[in-house]
Student: 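The structure follows.
Residue numbers start from 1 in every chain, and the chains themselves are labelled A, B, ... in the order their sequence lines are given, proteins ahead of strands. Every heavy atom of this structure was used, including side-chain atoms; hydrogens, water molecules and symmetry mates were not.
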Amino acid sequence: GAVVSQHPSWVICKSGTSVKIECRSLDFQATTMFWYRQFPKQSLMLMATSNEGSKATYEQGVEKDKFLINHASLTLSTLTVTSAHPEDSSFYICSASKGRNQPQHFGDGTRLSIL
Amino acid sequence: AQSVTQLDSHVSVSEGTPVLLRCNYSSSYSPSLFWYVQHPNKGLQLLLKYTSAATLVKGINGFEAEFKKSETSFHLTKPSAHMSDAAEYFCVVSDPPGDSSYKLIFGSGTRLLVRP
């Protein structure tokens with residue numbers, strides 16, 4: 001149990017376009033979902049935390065108008081990278097938690113390449 | 001503030017020999033500590049977690065870690081490495097402590113290489 005699916009797994013797009021990444025909890029209800037960014041050979045950095053039905057809480061230095069997060073249901077959160085540029089190229093990973101003091105379950109990540 | 005430091009960026013072992021991946025933590029409270037593994041282009045899998053119960057924590061795939069308060073360490077070990085263990089390993093602390101559903105703070109990672 002506790003499977004998190006992320007889609008797409010890989011996306012390549014032109015500079016200036018917007019890209020949407022989906023994160024779904026397949027067999028549980030996720031009250032909280034998290035979005036991380038990982039640069040090559042580096043660790044994961046938390047971008048934002050989203051609770052179902054609420055606005056996301058962004059970490060310091062993360063542009064909320066650039067990275068739009070929606071958590072409209074207990075099984076789906078989306079991250080939209082707006083007007084993407086080459087410096088936004090990275091590996092984006094989501095995780096989901098069933099509730100307080102419950103572990104985070106991670107998706108397989110999305111590799112985003114902006115040309 | 002909570003933080004973790006992974007002392008080695010790369011560790012190389014021969015198949016069948018022991019594995020030791022080192023992690024030190026800094027915390028104002030009794031911390032909640034985790035080890036995660038990441039295979040290439042994949043998400044993270046939880047190996048084990050410490051939440052102030054037994055100091056020796058057993059995880060999946062034969063891994064275990066020992067919480068040592070006097071040394072502020074939480075090193076990951078395995079008696080005998082397999083080729084499939086080759087991956088990136090992250091030592092993680094939760095903030096606030098005890099609430100793994102909240103913010104996770106990741107160490108810089110240790111890449112484990114397993115030689116045939």
Student: More than 12 heavy atoms of other residues, nucleotides or ligands under 6.0 Å from NZ of K58(B): is that the case?
Tutor: no
Student: Rounded to the nearest 0.5 Å, what's the gap from OG on S97(A) to CG on L104(B)? Could you check?
Tutor: 9.0 Å
Student: Surrounding NE2 of H39(B) (heavy atoms of other residues, nucleotides or ligands, distance under 6.0 Å), is the total greater than 12?
Tutor: yes
Student: Side-chain contact, heavy-atom cut-off 4.5 Å: Y36(A) with L44(B)?
Tutor: no
Student: Tell me whether I69(A) is reachable from M33(A) by hopping between hydrophobic residues (I, L, V, M, F, W, Y) whose side-chain heavy atoms are closer than 4.5 Å.
Tutor: no
Student: If hydrophobic clusters are built by linking Ile, Leu, Val, Met, Phe, Trp and Tyr wherever their side-chain heavy atoms come under 4.5 Å apart, do L68(A) and V62(A) end up in the same one?
Tutor: no
Student: Do L76(B) and I105(B) share a hydrophobic cluster (ILVMFWY, side-chain heavy atoms under 4.5 Å, transitive)?
Tutor: yes
Student: Judged by atom type as modelled, is there a donor-acceptor pair below 3.5 Å linking the side chain of S43(A) to the main-chain atoms of G109(B)?
Tutor: no
Student: Give, as side chain, backbone, both or neither, the part of Q38(B) having an atom under 4.5 angstrom from any heavy atom of chain A.
Tutor: side chain
Student: In terms of hydrophobic clustering (I, L, V, M, F, W, Y; side-chain heavy atoms under 4.5 Å; direct or indirect links), are W35(B) and F63(B) co-clustered?
Tutor: yes
Student: First locate atom OH of Y36(B), then atom CD of Q104(A), and finally report the distance between them rounded to the nearest 0.5 Å.
Tutor: 5.5 Å
Student: Counting only heavy atoms closer than 4.5 Å, note whether E59(A) contacts chain B via side chain, backbone, both or neither.
Tutor: side chain
Student: Roughly how far apart are K42(B) NZ and I93(A) CD1, rounded to 0.5 Å?
Tutor: 11.5 Å
Student: Is the shortest side-chain heavy-atom distance between L46(A) and K103(B) below 4.5 Å?
Tutor: yes
Student: Side chain from CB out, backbone as N, CA, C, O: work out which of these in L44(A) comes under 4.5 Å of a heavy atom of chain B, or both, or neither.
Tutor: both
